[in-house]
Amino acid sequence: MEVRLILGDQLNENHSWFSSVDASVVYVMMEVRSETDYVRHHAQKVIAIFAAMRRFAEALRDKGHTVEYVKITDPLNRHDLVGNVQRYIERYCATSFAYQEPDEYRVDQVLLSASRVIGIDCRCVSSEHFLTERHQAAEFFGSSKRWLMERFYRMMRKRHRILLTEDGEPLGGEWNFDVENRGTWKGAPAEPADQRPHHDHTALWQEIVDAGVVTMGEPHADDIRWPIDRREALQQLDDFLVTGLRHFGTYQDAMHHDARRLFHSLLSFALNVKMITPLEVIRRVEEEYRRGGIEINHVEGFIRQILGWREYVRGVYWARMPGYDEQNFFGHAEPLPDWFWTGRTDMRCLSLAIGQSLDMAYAHHIQRLMIIGNYALLAGLDPKEVHTWYLGVYIDAFEWVELPNTLGMSQYADGGFLATKPYVSSAAYISRMSDSCKGCAFDAKKKTGPGACPFNAMYWDFFRRNQDVLRSNPRLGIVYRQLDRTA
Ligand code: FAD
Ligand code: DLZ
């Protein structure tokens, strides 16, 4: 017999493992404290992952596969991956063990070391999900000191023949339409209705609580909106192609208190647990463009996120681990304020973005980068604490994608390996891109003194206190010229 492990973010029903039923194979899935407790996760994340795992196990059984599923409340649960695997190796007198390449360094190490002691033949196979291998980005950049996403992205467009003319030129005449993607949103076009399914997972939530798992955020267990199988994820993709994609690019950076998702796809959870593949999403988006009626900036902008950023940050993760999570370029050490766990602060933009994150386990990219991350960097919060918070709070947070985004892109804690300059702003940007300054206790236009928006003084203080390491950055010339004028 062969025991095969399936992790909670490996719910790929089209994996070649499942193409035929093999009576000499037993699949093992497990809800374990080692995975629920490595960080304090959002309640909806634990619920959605367990619900999707349970649905996946059922679907495999329906197809005739043998599946052992260990629930969080199972008294025989050893609550770690290897302990439970060993139990089934013994029970089935297995002569081999196989697992899919895990996406997290920690789990990779656990399974590699288990393989050395387990005493039977062990194999690691591809998860058949990504467009690149773990170390492909590092090979592409070779000995370059700094990487550039745009170079990687163009290579990926060419390699996979995405959005290219027959002559290999970029469709629309440009590789990147980001300059067109900075629109503000004032209520029109209307935000598409949220067509995601409604799930009542009250009973499952009770099991999680009974097991003693400590979470954060609102469970909303009787109305979970995250897809729990491939069919639901594909419905969500279909809906996005019809309603969201046609405005995605223009309003990609916009924020509004009353339109939490605007034209974003909300597909990151389905993608990251591998219900759907990046290539199929990209292909469907390109087909939609070729059918006509959607501008190139929306399509290119969306594809860049998945073909470019998603694969690129994965490459950064595997090139920089272990040790990437320890980097702290500015030596920031301030603890996270209590209101990261409640959203209760007088700064309305932060209250809205954090409040939304705790309420729905989701915030879109600009809320994560330019509101919460912006504050964390300007305030000098400890990047490791910031990383831990992001890894817990978001429905789509898995370390391979969260860590480079948080520590690299948002906190510049890798000294500029991933981002060419720190992503920070004063209140002017927040006021332009969102409606959150209206009704705020602070005045976005006021630079100093009582009632001034703290983002203003914090912004200039950040550049002043870090001038030794930032002044020579050519992308920051304009900032330092302005600072020098006011000094
Ligand atoms: P859309 O805006 O509709 O974009 C489509 C898809 O593109 C996303 O589903 C996602 O798969 C991909 N994508 C977009 N931006 C990125 C990016 N920068 N890196 C990788 N993939 C991207 N994304 C995660 O999947 N998990 C995380 O834990 C995560 N943490 C982040 C932390 C910070 C500080 C920042 C700034 C960004 C983070 N992102 C993360 C990237 C991005 O914010 C989310 O992918 C996106 O908000 C998910 O929502 P969506 O599906 O509606 O995305
Ligand atoms: C995130 C998560 C949680 C909360 N729980 C489980 C679990 O009980 N069992 C499991 O197999 N996976 C879980 N996951 C997802 C894993 O943390 C993920 O597979 C690893 O981080 C590797 O990316």
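Heavy-atom basis, side chains included; hydrogens, waters and symmetry copies ignored. First listed ligand is number 1; within each ligand, the first listed atom is number 1.
Contacts between Tyr362 and ligand 1, counted as non-hydrogen atom pairs separated by less than 4.0 Å, involve the side chain only. With a 4.0 Å heavy-atom cut-off, ligand 2 is reached by the backbone of Leu7 and by its side chain too. At a heavy-atom cutoff of 4.0 Å, ligand 1 is contacted by both the backbone and the side chain of Asp396. Counting heavy atoms closer than 4.0 Å to ligand 1, residue Ser268 contributes atoms from both its backbone and its side chain. Contacts between His41 and ligand 2, counted as non-hydrogen atom pairs separated by less than 4.0 Å, involve the side chain only.
Residue contacts with ligand 2 do not include Trp400, since none of its heavy atoms lies under 4.0 Å from the ligand. A heavy-atom separation below 4.0 Å is found between Met53 and ligand 2. At least one heavy atom of Ala363 sits closer than 4.0 Å to an atom of ligand 1.
Under the 3.5 Å distance criterion, with hydrogens and angles disregarded, no donor-acceptor pair is assigned to the side chains of Asn374 and Tyr423. Checking His79 against Asp37 by side-chain atom types alone, no donor-acceptor pair falls below 3.5 Å.
Taking the six-membered ring where the residue is Trp, Phe18 and Phe56 present perpendicular rings, their angle passing 60° and hence far from 30°. Note on ring orientation: taking the six-membered ring where Trp is involved, the planes of Phe340 and Trp389 are perpendicular (angle over 60°, cut-offs 30° and 60°).
By the 3.5 Å distance cut-off applied to N or O atoms, Gly8 is counted among the residues near ligand 2. Between Val107 and ligand 2, no N or O atom pair is found at a separation short of 3.5 Å. Considering both main-chain and side-chain atoms, Lys45 never comes within under 3.5 Å of ligand 2 through any nitrogen or oxygen pair. By the 3.5 Å distance cut-off applied to N or O atoms, Glu31 is not counted among the residues near ligand 2.
Below 4.0 Å from some heavy atom of Thr406 lie the following atoms of ligand 1, by number and element: 32 (C), 34 (C). Listed by atom number, the atoms of ligand 1 under 4.0 Å from Ser410 heavy atoms are 34 (C). Numbered from 1 in the order shown, with element, the atoms of ligand 1 that lie under 4.0 Å from a heavy atom of Tyr390 read 32 (C), 34 (C). Applying the 4.0 Å criterion to heavy atoms of Tyr38 picks out, from ligand 2, the atoms 1 (C), 17 (O), 21 (O). Applying the 4.0 Å criterion to heavy atoms of Phe248 picks out, from ligand 1, the atoms 1 (P), 2 (O), 3 (O).
Within the 4.5 Å cutoff, side-chain heavy atoms of Leu5 are placed close to those of Met30.
Around the CD atom of Glu385, the shell of radius 6.0 Å holds more than 12 heavy atoms that belong to other residues, nucleotides or ligands. No more than 12 heavy atoms of other residues, nucleotides or ligands shown are found within 6.0 angstrom of CD on Glu133.
Using a cut-off of 4.0 Å between Lys/Arg side-chain N and Asp/Glu carboxylate O, Asp103 and Lys274 are scored as salt-bridged.
Put simply, the side chain of Arg157 gets close to the backbone of Leu163: a donor and an acceptor are under 3.5 Å apart. With Glu232 contributing its side chain and Pro197 its backbone, the two residues share no donor-acceptor pair below 3.5 Å.
Looking at His42, Glu35, Glu104 and measuring to atom 16 (C) of ligand 2, the nearest heavy atom belongs to Glu35.
Judged by a 6.0 Å distance limit and a 45° cone about the ring axis, Arg134 is not positioned over the six-membered ring of Trp400.
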